[in-house]
Amino acid sequence: MFLANPSALARGGILGMNKRNIDYIGRYNPRKFYKRVDDKLTTKQLALANDIAVPDLIGTVIEQHEIGEIPAMVNDKDGFVIKPSKGSGGKGILVVTKVENGRYYKPNGQEVTPSEVYRHVSNVLSGLFSLGGNPDVAIVEGLIQFDPVFDGYSYEGVPDIRLIVFKGFPIMGMIRLSTAASDGKANLHQGAVGVGVDIATGKGLHAVQFDTPIDLHPDTQKELTAIQVPQWDTLLHTASKAYEMSELGYLGTDMVLDKYKGPLLLELNARPGLAIQIANGRGILGNLRHVEQMKNHNMSVEERVAYAKIHFSATS
């Protein structure tokens with residue numbers, strides 16, 4: 001259905017890239033607020049100021065001469081994550097799940113030598129992974145502890161939950177599950193699985209890999225639509241609250257579930273992709289237009305979430 005011409009896509013409720021860019025990103029996302037979401041360190045600081053839980057910040061590396069401080073930063077940690085502050089599309093993220101006698105190991109058990117870590121961070125600082133190729137900052141974060149509720153649904157990596165928020169209303173969601181093809185990363189373009197979830201319940205609806213519908217996880221053979229995201233209401237409230245925090249009208253929120261800390265906000269996106277429609281097996285345009293046509297937008301976070309669960313459920 002995504003190969004039709006633009007007018008046919010619109011009639012089917014599918015939001016295309018040009019319409020997204022002009023009618024939603026261009027109209028509802030003031031450029032002056034982009035730094036709040038394009039810079040992950042700024043996002044983290046804003047979230048903490050707004051009582052939104054985020055992964056622990058171990059430290060930052062701003063200049064090349066500071067790279068040698070990383071071993072001391074992570075010496076007492078079970079694992080850690082290094083990511084570019086201005087990266088996009090999951091690029092430049094290094095995940096270490098085990099630290100043992102000064103040696104580092106990735107989720108697949110492969111060792112990462114200190115020199116490889118230093119080289120990776122040096123590449124981050126030089127802007128290799130950042131938007132526009134500009135010099136960047138490396139963020140060193142605490143490792144997210146995989147919630148066992150997702151056992152068998154993800155291969156090596158931590159699943160994340162993407163919710164599209166429009167004018168503060170969560171209108172469509174999916175969970176992204178890593179695979180062997182995606183190298184343990186929850187990135188759909190690299191081969192992760194996308195599972196559309198019902199806004200009302202957090203229950204799985206429809207699943208795809210490489211834009212092709214599938215029923216079972218390719219590595220674990222787990223039935224994907226049987227997934228039920230726990231603490232769903234908290235995730236919805238966190239996503240809705242990000243609207244006031246960012247002041248962006250059309251927003252992608254990426255969250256994870258930590259088994260000890262619960263829902264954590266990973267990052268925000270002012271230009272969320274369109275693949276969430278494929279994962280859900282339906283378009284998002286109808287939900288966007290519904291919100292645009294509403295006469296009362298002066299609602300609290302709780303009221304917006306309650307409204308979304310009634311009006312944007314897959315069964316509504």
Side-chain angles (χ1 to χ4, degrees), residues 10 13-16 19-40 42-54 161-174 196-203 205 229 231-255 262-274 276-277 280 282-316:
I14 307 300
L15 179 66
K19 189 170 184 64
R20 178 203 66 172
N21 293 346
I22 297 168
D23 291 352
Y24 294 98
I25 294 175
R27 181 178 297 174
Y28 295 105
N29 289 355
R31 174 66 65 173
K32 64 181 178 180
F33 296 136
Y34 273 39
K35 185 184 177 182
R36 297 181 180 183
V37 300
D38 285 347
D39 186 321
K40 294 178 180 60
T42 298
T43 303
K44 185 182 286 287
Q45 292 164 341
L46 272 173
L48 290 170
N50 284 272
D51 296 321
I52 294 176
V54 293
I161 298 99
R162 158 68 61 90
L163 282 163
I164 301 294
V165 178
F166 183 49
K167 293 189 173 184
F169 295 85
I171 61 171
M172 186 169 279
M174 71 172 168
V197 291
D198 183 26
I199 283 292
T201 64
K203 174 85 170 55
L205 299 170
V229 182
Q231 302 187 60
W232 184 243
D233 272 14
T234 304
L235 289 161
L236 291 175
H237 281 75
T238 300
S240 180
K241 195 174 181 180
Y243 168 59
E244 277 85 6
M245 182 183 94
S246 68
E247 297 189 65
L248 296 174
Y250 183 72
L251 186 67
T253 64
D254 295 336
M255 295 168 286
L264 303 175
L265 178 67
L266 274 185
E267 59 184 78
L268 301 175
N269 195 318
R271 315 164 193 81
L274 301 169
I276 193 168
Q277 299 175 104
N280 276 268
R282 62 194 181 102
I284 199 172
L285 201 50
N287 292 354
L288 291 167
R289 287 173 172 162
H290 180 115
V291 175
E292 285 181 305
Q293 292 164 7
M294 290 174 61
K295 291 183 171 59
N296 177 24
H297 290 104
N298 189 25
M299 297 183 185
S300 66
V301 169
E302 291 74 18
E303 289 169 333
R304 293 197 302 259
V305 168
Y307 188 94
K309 290 173 71 173
I310 293 170
H311 295 278
F312 305 133
S313 168
T315 59
S316 62

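The side chain to side chain contact (heavy atoms under 4.5 Å, CB included) search around Glu247 returns Phe33, Arg36, not counting sequence neighbours. Residues satisfying the side chain to side chain contact (heavy atoms under 4.5 Å, CB included) test with Ala47, not counting sequence neighbours, are Ile52, Val54, Met245, Leu265.
Taking every heavy atom of both residues into account, Leu205 and Ala314 meet most closely at CD1-CB, 3.6 Å.
The CZ atom of Phe312 sits 4.5 Å away from the NE2 atom of His290 when rounded to the nearest 0.5 Å. Within the model, atoms CG of Asp23 and CD of Glu292 stand 7.5 Å from one another, a figure rounded to the nearest 0.5 Å. Between Leu248 atom CG and Tyr243 atom OH the span is 9.5 Å, to the nearest 0.5 Å.
The main-chain N or O of Asp254 is never found under 3.5 Å from a side-chain atom of Glu267 such that the two would form a donor-acceptor pair. Under a 3.5 Å cut-off, the side chain of Ser240 and the backbone N or O of Leu236 do not form any donor-acceptor pair. Under the 3.5 Å distance criterion, the side-chain polar atoms of Thr238 are matched with a main-chain donor or acceptor of Thr234. In this structure a side-chain-to-backbone donor-acceptor pair under 3.5 Å is missing from Arg162 to Met174. In this structure, the side chain of Arg20 engages the main chain of Pro272 through a donor-acceptor pair within 3.5 Å.
Evaluated for a side chain to side chain donor-acceptor pair (under 3.5 Å) with Arg271, the options Asn21, Asn29, Asp38 yield exactly one hit, Asp38.
Salt-bridge annotation for Asp233 and Lys309: present, with a side-chain N of the basic residue lying under 4.0 Å from a carboxylate O of the acidic one.
In this structure, Arg31 forms a cation-pi arrangement with Tyr34, its terminal cationic atom sitting closer than 6.0 Å to the ring centre and no more than 45° off the ring axis.
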